[in-house]
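Since the structure comes first, as structure tokens, the remarks are kept for the end.
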Amino acid sequence: MSAILRRSPLLVLIVVTVAVFGVLRPEFLSVTGFLDIGQQIAVTAILAFALTAVIVARGIDISVGSTLSVSGVIGAQTLSAGLPAPLAIGACVLTGAAIGALNGVLIGLLGVSPLIATLGTMAFGSGAALALSGASSIAVDQIAMLMPGGSYVGPIPSSVLIAVVLMFAWMLVLGRTLYGRWVYAVGGNVDAARASLVPARLVQLSTFVLAGASAGLGAVVMIGRVGSAQPMAGQGLEFAAITAAVVGGAKLSGGSGTIGGTMLGAIFVGVVNSGLSFLAVPQQTIYVVTGALVIIAVLLTQRQELTALWDGARRALRSGEARAGTSVGKRRAHRIELEGVGKSYPGVRALHEVSFALGSGEVVGLVGENGAGKSTLVKMLAGAHEPDTGRLLLDGEPVRLRSAEESRAAGVSVIHQHFSLVPDLTVLENLFLGREPTRFGVLRRRHMREEARSVLDELELDVDLDARLAGLPVGERQLVEVAKAMLDDAWLVIMDEPTSTLSQRERERLYELVGRLLERAVAVLYISHRMEEVYRLAPRAVVLRDGELVGEADLSEVAEPALIAMMVGRRIDAVFAHRGTEPGEALLEIDGIADGGRLVEASLTVRAGEIVGLAGLMGSGRSEVLRCAAGLSRRTAGRVRVDGRELRSGDLPEANERGVAYVPEERLREGVVPAMSVADNIVLAWLRSHSRFGVVPRGAGQLVSESIERLGIKPPAPDRATGVLSGGNQQKVVLARWLATEPRVLLLDEPTNGVDVGSKAEIHATIGDLKERGLAVLLVSSELPELLGVADRIHVMRGGRVVGELPRGATEEQVMELAFGQSPAATAGQHEIRSGRNQ
């Protein structure tokens, strides 16, 4: 029992609340008192269960109270017309379902905001209830209509039994059915759900229909309790039901919530209301006290968010104390040293005894597999976390970086893989965001412009200061991040996977910029999974593995295979190894397809047992080819054939049924559902064709175990949330999902982007196995060594068209010549090493 109480603070709060009311009014603890509480809870719970599904699917419905009212009025009028009670009950439920369907169409199909849509239907329902009833209650005396809410089964009120039955039914639906998996997927990541064959719009629509039908059933129970249909019967119930769901753990951001938690939330709300009524507290005071207790309960059930808020407040307070040091000058040399630093989290040792140093004017690579401790180390330098052991030295003096402000004051700036810029602001506004110069509260825009232009000129960056950031190419946004760091007078710039979303040309610009930073005596700690980048930019690399420092490597002496062996703890002869096979018949034929946008015309063929690469600059139409072939995008021209049979345009389910599987480029947007478990992510697409009567089959567990073992997903924990895994293991989960559907054609869009070298080798070993089994693989990659290493043929795209085909053995220069549309000499000039390394 104590373990249960520790896991559920809400249950503890309920027990304490009941005990307090019992002490104040002993009759509160009587059987009669509990049965009365149960009757009050029943209607709230009936509504809250359905609202849990709505909230999990990232919706909200504030119309259920008015829906209950109008449904009850229509049911009573059905009885008044002489129709039997079963039809009246059906009228209540169908009326609620109809209003729910209206909400669903507005929200799920037309994309109207859930709050606005249900606000409208709430007003409509309230007005309809008052108009149809003449603003008066309608008496009901038919026994059959009164039984659901007014009868008893033994000592138990029938309304309580109805609520309990619905609770178990909803638990079964959300926990054991295909539909339940779909609801969580839609709320957790709607784009990934759509890409995984989930009919997302229909799922969201259905949750509102069920919420409306539940309100209709609640109207029947309410009529039985009071013996009449009242036009204002549902007033305030939407607040109680939503409160029960949220207090029970459902997050309004979607993807999270349980029926058991909602039941506890409904009990808590019912206990508080009943207890205060027992104490004869005025209604207005009940509202105040209930609201306060609900806020407390929400805070207790959101412990992670509360802890993060508290930690942030402490850091903010401490940042007002003495700074770690004064702002550093642009030309003064500095040196930072890590001496035996370590950091542990509950159950996890992220870093242990890590020591190294770097100084102004040098580039140092920080390499290691996902989960090696690189992110934790960066967070230490950024001021997000302090080390548990060891210390940091700045210019030989101990320094504590306890906040982002202290880190910036020490001259450290972090450029994250995912930008920290605001798309709707201009370049100038982003450069000074958080440090805007003012005079009497007014922005000094002329000073901002002069200072920004000075830095941009020094870095030789031609960027329009008045342009909205959202309108800039990804590469220019990355350059704006660097300029922002220079405006902070940073002497140490940490670049975390800065080229993961850049095209080859944009990478070249970034490499040039690194060289210019070195000329300004800026140190760069460069984190990348692309070995060619590390070797190109950095004279030495710091290697982490499992949170420990393996060593420092002089890259002029340590070859790439040896460096990779240091990172992964084993020798990998070739990350992108080629498997020689004899291609079979044509499985995928793409003939002249276009999408009316970037994709103008593309034709190619992929045979069984063959990997065909698709190269080109970012925006050349590579991804659009895969999306059209997978059925995610509609074609405006051309044909796609699998095994000689044409696929319908934009029909993802048909493409999958015919053996086509698509692994998207952006795994966080269209790949994983972070809040769902590894197991649920893996079987998400497989369940569509393997669930029986909509119930998850027992074989799903075996499939998950085999997939985890086959792809080496770490940790091998099926119940762990996918969002906490490393990038490489998340990518393996996405790949496992589609391999579970047993495809014949595999479309891979940047399958190893942001993935460490060990995972890259494992993923390509799996792809090689699939190739030997006769799959046809079409591979898009911005990493030319990947395409040149594993592909049997390469098609190159430019301007939305396939402009050439290269056989195995082609060079990077040949690929780039076609991609740029330039002569070999001009293309070679694009790739001169201008980073400043070894200068």
Side-chain angles (χ1 to χ4, degrees), residues 10-11 14 18 28-53 64-65 67-68 71-72 75-76 79 84-94 96-97 140-177 180 210-230 233-234 237 240-241 243-245 248 258-275 277:
L10 181 56
L11 185 56
I14 291 171
V18 170
F28 183 78
L29 299 179
S30 65
V31 174
T32 302
F34 283 130
L35 291 179
D36 182 63
I37 294 172
Q39 285 184 304
Q40 292 192 44
I41 291 172
V43 175
T44 299
I46 290 169
L47 299 181
F49 296 149
L51 279 180
T52 300
V64 289
T67 299
L68 182 147
S71 297
L79 285 176
L87 286 181
I89 293 174
C92 288
V93 175
L94 289 176
V140 174
D141 56 7
Q142 288 198 23
I143 299 300
M145 189 72 175
L146 299 176
M147 285 181 62
S151 63
Y152 286 77
V153 178
I156 309 297
S158 55
S159 58
V160 173
L161 292 177
I162 291 172
V164 171
V165 169
L166 284 177
M167 180 186 71
F168 285 111
W170 273 108
M171 283 181 171
L172 175 64
V173 168
L174 291 184
R176 289 293 304 163
T177 68
L210 290 170
S214 296
L217 180 59
V220 175
V221 174
M222 187 71 79
I223 288 172
R225 282 188 58 196
V226 300
S228 64
Q230 300 178 4
L237 278 175
T243 299
T258 64
I259 298 301
T262 296
M263 189 64 185
L264 288 178
I267 292 172
F268 174 73
V269 172
V271 165
V272 170
N273 283 322
S274 297
S277 297

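Here, residue 1 is the first one in the sequence, and each next residue gets the next number. What you are looking at is a predicted structure, and each value in this text was computed from that prediction instead of being measured.
Side-chain contact between I162 and P148 is present, with at least one heavy-atom pair separated by less than 4.5 Å. Using a 4.5 Å cut-off on side-chain heavy atoms (C-beta onward), L68 and V43 make contact. Looking at heavy atoms from C-beta onward, F49 lies out of side-chain contact with V173 at the 4.5 angstrom threshold.
Considering CE of M263 and CZ of F168, their distance stands at 9.0 Å, rounded to 0.5 Å. Atoms CG and OG, from D141 and S228 in turn, are 11.5 Å apart once rounded to the nearest 0.5 Å. In this structure, the separation between CG on L237 and OG1 on T243 is 11.0 Å, given to the nearest 0.5 Å. We find the CD1-CG distance between I267 and L11 to be 8.5 Å, quoted to the nearest 0.5 Å. One distance of note links CD1 of I89 with CD1 of I223; it measures 9.0 Å at 0.5 Å rounding. Interatomic distance, F268 CZ to T262 OG1, rounded to the nearest 0.5 Å: 14.5 Å.
In terms of heavy atoms, L35 sits closest to P157 at CD2-CD, 3.7 Å. Annotation for S71 and T67: closest pair OG-O, 2.7 Å, computed over non-hydrogen atoms. The shortest non-hydrogen separation linking A229 to G72 is CB-O, 3.3 Å. Considering all non-hydrogen atoms of both residues, L146 and G227 come closest at CD2-CA, 3.9 Å. What you find for L47 and A215 is that their closest heavy atoms are CD2-CA, 3.3 Å. The minimum heavy-atom distance linking V226 with Q230 is given by the pair CG2-NE2, 4.1 Å.
Distance alone, capped at 3.5 Å, places no donor-acceptor pair between the T52 side chain and the I259 backbone.
Each side-chain hydrogen bond (donor to acceptor under 3.5 Å, both in side chains) pair with one or both residues in residues 143-167, not counting sequence neighbours, appears once here: S151-S158. Here side-chain hydrogen bond (donor to acceptor under 3.5 Å, both in side chains) pairs that include residues 211-221, with residues two or more places apart or in two chains, number zero.
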Next on the checklist: One pair to check against side chain to side chain contact (heavy atoms under 4.5 Å, CB included): I46 and W170. What are the steps and the verdict?
Outcome noted: CA-CA 10 Å; I46 290 169; W170 273 108; over 6 Å; no
Checklist entry - Can you check side chain to side chain contact (heavy atoms under 4.5 Å, CB included) on M145 and C92, steps first, answer last? => result CA-CA 11 Å; M145 189 72 175; C92 288; 4.0 Å; yes
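Within a 6.0 Å sphere centred on CE of M147, other residues, nucleotides and ligands contribute 12 heavy atoms or fewer.
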